Amino acid sequence: MYYLSLEFLMGRALGNAILNLGLEGRATQAMQELGYRLEALEDWEYDAGLGNGGLGRLAACFLDSMATLALPAYGYGIRYEFGIFFQRIRGGAQVETPDNWLRYGNPWEVERPEYLYPVHFYGQVSSRTDADGALRFLWADTQVIMAMAYDTPIPGYRNNTVNNMRLWAAKSTREFDLDYFNHGDYERAVSDKAQSETISKVLYPNDNVFEGRELRLKQEYFFVSATLQDILRRFKKSSSGGFADFPDQVAVQLNDTHPAVAIPELMRILLDQERLGWEEAWAITVGTFGYTNHTILPEALERWPVSLFGYVLPRHLQILYEINRRFLEQVTARWPNEPERLRRMSLFEEDGEKKVRMAHLAVVGSHSVNGVSSLHSEILKAQLFRDFYELWPERFNNKTNGITPRRWLRLCNPALSRLISERIGEDWVRDLDQLRRLEPLAEDPRFRESWREVKLANKQRLAECVRSLTAITVDPRSLFDCQVKRIHEYKRQLLNLLHVLALYNHLKANPGAQVVPRTVIFAGKAAPGYAMAKLIIRLIHAAAERVNDDPDLDGRLKVVFLPNYGVSLAERIMPGADLSEQISTAGTEASGTGNMKFALNGALTIGTLDGANVEIREEVGEENFFLFGLTAAEVAQQQARGYDPRELFDSNPTLRGALDLIASGALSPGQPDLFVPIVAGLLDHGDPYMLLEDFDSYLNCQQRVAAAYRDQEAWTRMSILNVARMGRFSSDRTIREYADEIWGVRAAPVSLPPRKRS
Ligand code: 26Q
């Protein structure tokens with residue numbers, strides 16, 4: 001099985017390797033003998049930040065689960081020299097600096113110069129009829145770049161399995177051609193080398209936004225081409241000639257459309273190199289690929305200009321035309337005289353600049369298409385891929401996301417893990433459904449007491465982290481209200497902030513109000529080119545400045561923005577959270593996985609019926625989940641009907657008070673217009689994510705949260721029940737479903753002879 005992804009957001013490897021190999025005791029002791037703490041050593045490791053957010057972290061959780069289930073599986077991707085940028089805050093604004101993570105070397109990778117493949121770009125295609133009368137295509141005059149393998153071990157949890165993640169680095173062909181340096185133009189040789197190596201230089205920092213850069217397309221093809229060459233080499237080594245059983249031996253999962261150029265690439269290899277006929281090649285291709293969709297946001301869908309695609313990959317464009325011709329023929333046979341349907345389903349978008357629709361390519365070229373939560377998969381069938389679902393209902397399925405319980409509970413929350421294991425043993429680490437056995441303990445007052453002590457200690461650790469990163473002091477007894485994720489309008493960090501401002505106004509107007517003290521924690525990166533997201537970061541800082549220093553508030557409200565959110569910071573935040581904010585407009589967040597990390601660490605969720613929130617709520621029970629807002633169906637209805645945010649603004653004084661604080665310039669002294677675009681987005685540009693529509697419901701819900709938090713016994717009971725019922729969201733369960741229902745792959749457990757003690 002091969003998991004192809006442009007992103008792997010691995011975080012640190014040391015603690016995970018020690019845990020999975022069962023070396024915790026010995027490693028801790030060894031460090032102690034040297035006079036160090038193991039955690040202090042762990043803190044020196046750079047995060048491997050080869051991803052943006054959810055999609056990249058999901059790939060990393062999947063690798064852990066595939067190894068733990070002893071599946072014969074490889075991860076394939078790009079060894080970016082620069083991962084996701086570091087975020088610094090200067091004067092309340094995001095500043096990006098490069099993540100030079102390889103600067104001091106990377107002890108986890110093994111260079112494999114023997115796995116080296118040429119990858120071709122540009123050039124021309126010519127055709128001729130060969131001796132046996134068949135039409136052959138020749139792709140010539142190409143530019144060649146070499147892909148070199150770097151391997152990183154992926155240890156399973158205490159099962160003697162170590163899988164492999166193979167990442168490709170671009171190398172100049174010149175490096176392998178000494179003559180060029182000897183006789184050619186030396187300067188030219190050096191600059192050529194630098195040029196070709198830019199392919200694996202940097203991760204594109206967009207999350208859920210498509211950017212049609214030539215270099216990005218080259219990255220996608222570079223890694224797909226090298227990977228398929230490697231897969232074919234391995235297949236040929238172990239098979240006895242012929243490709244008939246290729247789909248039985250090889251399963252390739254496409255992590256979104258980013259590697260979807262693998263579909264025409266496998267066709268090209270089978271047709272032009274292996275000389276198979278179209279029908280046979282196509283059956284093998286469709287039988288090999290599965291496609292996972294991670295977003296329905298139109299601005300995130302990959303649509304490459306045909307001119308660019310044909311310039312970089314001329315032979316692949318020809319193949320796409322032929323795939324499309326045959327596909328539309330099939331559609332026509334089923335629905336004659338429906339030109340509108342053909343237009344909708346074509347791999348090519350024809351209005352305006354002609355574009356390749358990569359999502360359509362992925363659906364047509366795969367035997368399985370899945371969404372990442374139940375709601376999302378239904379939306380795919382009813383909306384984005386409606387026509388395709390009518391044609392091929394059997395291709396569509398759901399695989400609700402999960403997270404690895406090793407990193408996201410056992411490793412990041414040792415205190416809670418210990419408390420859990422004392423009561424139900426340690427099997428939950430590989431069988432998360434075991435957490436159900438905690439349910440009866442929710443009624444045990446002494447267990448609840450211990451549970452609270454653990455949460456408080458974790459909040460103290462988080463408060464310490466807040467102090468060292470921001471110099472803001474927060475009270476560990478206040479309600480820790482957390483929203484940590486990429487900054488995006490659809491995720492509605494602004495809605496959270498409107499609640500903060502409403503609370504602020506309330507406290508200013510009612511100085512003696514008895515409210516539950518809150519610490520509202522934000523963290524997340526904005527794509528460097530996403531002006532509105534960057535402005536939201538500035539607004540959060542402006543609000544923090546205003547709120548935190550106001551003596552009238554008496555410490556009852558604090559706002560914190562933690563810089564440089566990433567895997568390691570998440571590992572600190574999740575264990576210390578009381579409340580998890582999952583407040584995207586219903587129908588926009590495909591799944592979410594941060595929602596799962598919080599709940600697994602005992603936070604309660606305030607959320608909409610979006611993505612996996614729906615299933616989390618079903619599992620933990622509606623009485624243990626704070627629900628608000630429109631449903632996805634209601635959002636669609638409202639949008640069809642057309643709604644007027646001004647009306648809500650005029651009729652809701654609390655809302656008006658909060659928005660006026662932003663619009664008046666009171667939060668940006670000296671720059672009264674700074675935040676005008678934010679208010680305009682809501683009032684003048686139609687509020688596309690319906691913040692104003694959900695505002696009232698959100699505020700009411702936050703009041704229920706505060707009331708619930710006052711009753712600490714009841715709150716603790718809910719927290720325990722949340723954890724006890726999160727078993728379903730282990731990525732082990734997700735991967736078992738992929739393995740059984742899509743890949744047809746079985747475990748290949750490794751048994752070793754008992755080790756001699758030395
Ligand atoms: C594409 C082309 C060019 C440049 C960038 C991109 C690009 C990069 C990253 C497009 C999208 C992404 C990331 C998408 C993503 O992270 N989606 C998230 O996937 C999670 C795992 O399934 C879900 O839980 C989240 O709901 C979803 O937003």
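The structure presented is a predicted model; accordingly, all values stated were derived computationally and were not measured. In each ligand, atom 1 is the first atom listed, and ligand 1 is the first ligand listed. Hydrogens, waters and symmetry mates play no part in the numbers below; they use all other heavy atoms, side chains included.
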Quiz item: If we ignore angles and hydrogens, is there a donor and acceptor under 3.5 Å between the side chains of T593 and N401?
Solution: no
Self-check item: Pair D732 + R406: basic N to acidic O under 4.0 Å
Solution: yes
Exercise. Verify the distance criterion only: is there a donor paired with an acceptor across the side chains of D64 and N20 at less than 3.5 Å?
Key: yes
Quick one: ligand 1 N/O to protein N/O pairs below 3.5 Å?
residue	atom	partner	partner atom	Å
ligand 1	16 (O)	L55	N	3.0
ligand 1	22 (O)	H294	ND1	2.6
ligand 1	22 (O)	N401	OD1	2.8
ligand 1	24 (O)	G592	N	2.8
ligand 1	26 (O)	E589	OE1	2.7
ligand 1	26 (O)	A590	N	3.3
ligand 1	26 (O)	S591	N	3.0
ligand 1	26 (O)	G592	N	3.1
ligand 1	28 (O)	N208	ND2	2.9
ligand 1	28 (O)	Y490	OH	3.3
ligand 1	28 (O)	E589	OE1	3.0

Quiz item: Near Y74 OH, under 6.0 Å, is it more than 12 heavy atoms from other residues, nucleotides or ligands?
Solution: no
Practice problem: May I ask you to test the F522-L497 pair for a side-chain heavy-atom distance under 4.5 Å? | Solution: yes
Quiz item: Regarding R79 and the six-membered ring of Y150, is the cationic atom NZ or CZ under 6.0 Å from the ring centre and inside 45° of its axis?
Solution: yes
